Amino acid sequence: MNLLVIVAVLAAFSVDVAFSRRLFRKILPRNPKDMCRSGDGSSYRGFVSESVTERRCLNWNRFNDPWGASEGLGNHNYCRNPNKSLMPWCRIVRGKKIVREFCDIPKCDTPTTEAPPAVDTELTCGERSERRQNKIVGGSFTPIESHPWVAAIFKGKDFLCGGSLISPCWVVTAAHCFSDSGSTRRVSVYLGKTAINETDADNEQSFAVEKLILHQKYNDTNYDNDIALLKIKGVNGRCAVKSPSTQTVCLPPLHTQLPASFQCSVAGFGNERYFGSYSQYLKQGEVKLISQGDCGSKLHYENLITKNMLCAGSPDWSTDACKGDSGGPLVCEMAGRMFLFGVVSWGEGCARKNKPGVYTQVTNYNKWIATKTGLSKYTSGVMYPHK
Ligand SMILES: *[C@@H]1O[C@H](CO)[C@@H](O)[C@H](O)[C@H]1NC(C)=O
Ligand SMILES: *[C@@H]1O[C@H](CO)[C@@H](O)[C@H](O)[C@H]1NC(C)=O
Ligand SMILES: *[C@@H]1O[C@H](CO)[C@@H](O)[C@H](O)[C@H]1NC(C)=O
């Protein structure tokens with residue numbers, strides 16, 4: 001084909017597109033994956049809700065399937081292929097039985113070459129698209145877009161702990177969250193989640209856990225080295241897809257410390273009171289760092305503070321991390337990016353006078369994280385501003 005022919009074909013094509021756009025604006029698909037299926041249709045997210053025998057599909061939420069929002073399931077009855085079956089399917093009632101049937105979704109004509117999903121690198125961490133706060137103990141509700149690195153870790157259906165996404169496949173959390181078992185059985189990790197008891201299929205991604213690494217020197221008595229790593233299970237080596245609700249947080253360089261009184265924020269789904277139930281929505285609070293010396297003084301925690309701990313509280317003791325915030329992030333902003341300085345670890349009560357929150361000092365673990373994960377690019381702290 002010579003160039004002229006190609007140009008002519010392209011011209012005809014664009015006239016055609018322009019024409020149909022004008023005429024059929026309302027029915028043009030937003031996105032090919034909404035109208036047709038490519039391959040096995042596992043990326044199909046359209047709205048057909050009828051099986052090949054024209055029976056109405058049943059809502060996915062009625063079943064206890066191992067697949068979730070990242071496979072397109074949720075509170076709806078559209079045909080999906082969450083398990084690499086031949087094509088999208090759904091459950092229907094036939095006779096008195098619930099059975100599985102395929103759906104008739106047209107194949108996409110041209111193989112859609114979908115753009116590869118966006119992925120964070122060590123250079124894109126710590127950015128957030130939203131800073132909104134409506135008015136943790138004290139603190140305020142916040143959309144996940146303000147803390148898009150927050151991971152919600154579940155054991156079965158129960159919320160277990162928070163965590164922070166540091167690279168597309170790795171989450172940092174607290175070792176004490178797993179000290180009962182150290183097992184990853186039934187553990188799942190959700191990213192992009194604003195409410196722990198609601199499924200937000202558009203924004204959340206869920207993962208099984210491939211590996212759990214507790215710090216080998218974690219001390220169950222004094223919470224020294226209260227840090228753990230979760231490797232989430234990706235598909236074809238891809239884990240978290242970057243979006244406004246899911247992004248990595250930056251790691252500061254080894255042994256970086258910020259001055260006392262520096263303002264940072266803590267985020268989590270934790271209790272509002274010590275004897276409360278979990279907050280259903282992500283909250284965040286502003287806290288100020290307290291020097292290690294001060295924190296280990298008589299006024300605060302005397303000799304309970306090790307060199308691997310970091311304290312922070314609000315000056316009037318109204319805001320604090322609490323139960324259920326465990327494992328979640330204490331982040332501090334530097335040059336417009338958010339850096340993970342602490343992992344919520346322990347405290348005496350919540351928001352009690354002179355009893356600040358105690359966090360694992362993340363910058364003591366850059367080498368440990370690099371060794372366990374191979375993420376030396378991420379742990380070098382390249383995005384940290386240099387003096
Ligand atoms: C997909 O899941 C359905 C329902 O559990 C099952 O019947 C079917 O065999 C599965 N297909 C594959 C390929 O795993
Ligand atoms: C989530 O929890 C809140 C508060 O307990 C409740 O009002 C809401 O109905 C729950 N949502 C779902 C989907 O269960
Ligand atoms: C753990 O901490 C307690 C209290 O500080 C200490 O007595 C004990 O020796 C520590 N255990 C290990 C294994 O280091």
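In this text, all values refer to a predicted model and were calculated from it rather than measured experimentally. As the structure lists them, so they are numbered: ligands from 1, and atoms in each ligand from 1.
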Chemist: Between N59 and N75, do the side chains contain a donor N or O and an acceptor N or O under 3.5 Å apart?
Modeler: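 On atom types as modelled, these side chains qualify, holding a pair under 3.5 Å.
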
Chemist: Verify the contact flag for atom 14 (O) of ligand 3, where contact means a protein heavy atom under 4.0 Å away.
Modeler: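 Yes.
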
Chemist: Based purely on interatomic distance, does R100 place a nitrogen or oxygen under 3.5 Å from a nitrogen or oxygen of ligand 1?
Modeler: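 The answer is yes, given that R100 and ligand 1 share an N or O pair closer than 3.5 Å.
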
Chemist: Quick check on contacts: which atoms of ligand 1 are under 4.0 angstrom from a heavy atom of W89?
Modeler: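 Selected atoms, number and element: 1 (C), 2 (O), 3 (C), 4 (C).
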
Chemist: Does the distance from C79 SG to C90 SG come in under 2.5 Å?
Modeler: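 No, because the SG atoms of C79 and C90 are not under 2.5 Å apart, which misses the disulfide cut-off.
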
Chemist: Please state which protein non-hydrogen atom is closest to atom 5 (O) of ligand 3 and give its distance, to 0.1 Å?
Modeler: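 For this ligand atom, the closest protein heavy atom is N222 ND2, 3.3 Å.
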
Chemist: Would you mind running through ligand 1 and noting each atom that sits below 4.0 Å from a heavy atom of K84?
Modeler: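 Result: 13 (C).
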
Chemist: Which label fits Y384 and F339: parallel for a plane angle under 30°, tilted from 30 to 60°, or perpendicular past 60°?
Modeler: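 Ring orientation of Y384 relative to F339: perpendicular.
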
Chemist: Quick one: NZ on K211 to CH2 on W170, what's the gap to the nearest 0.5 Å?
Modeler: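 K211 NZ to W170 CH2: 5.0 Å, rounded to 0.5 Å.
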
Chemist: Determine, counting only non-hydrogen atoms of the protein, whether one lies under 4.0 angstrom from atom 9 (O) of ligand 3.
Modeler: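 No, there is no protein heavy atom closer to it than 4.0 Å.
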
Chemist: Please confirm whether R45 makes a cation-pi placement over F47, using NZ or CZ under 6.0 Å from the six-membered ring centre and within 45° of the ring normal.
Modeler: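 Negative - R45 is either too far from the ring of F47 or too far off its axis.
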
Chemist: Are any of the N/O atoms on N83, whether in the backbone or the side chain, positioned under 3.5 angstrom from an N/O atom of ligand 1?
Modeler: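 So ligand 1 has an N or O lying under 3.5 Å from an N or O of N83.
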
Chemist: So which of N219, L304, N303, D220 gets nearest to atom 3 (C) of ligand 3, if we judge by its closest heavy atom?
Modeler: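 Shortest heavy-atom distance from atom 3 (C) of ligand 3: N219.
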
Chemist: Could you tell me whether W67 approaches ligand 1 through its side chain, its backbone, both or neither, with non-hydrogen atoms closer than 4.0 Å?
Modeler: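 It is the side chain that touches ligand 1; the backbone stays farther off.
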
Chemist: Please report whether the SG atoms of C177 and C161 are separated by less than 2.5 angstrom.
Modeler: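 A disulfide, yes.
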
Chemist: Could you tell me whether R91 and D65 make a salt bridge, using a distance below 4.0 angstrom between a side-chain N and a carboxylate O?
Modeler: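 Judged by the 4.0 Å cut-off on N to carboxylate O distance, R91 and D65 do form a salt bridge.
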
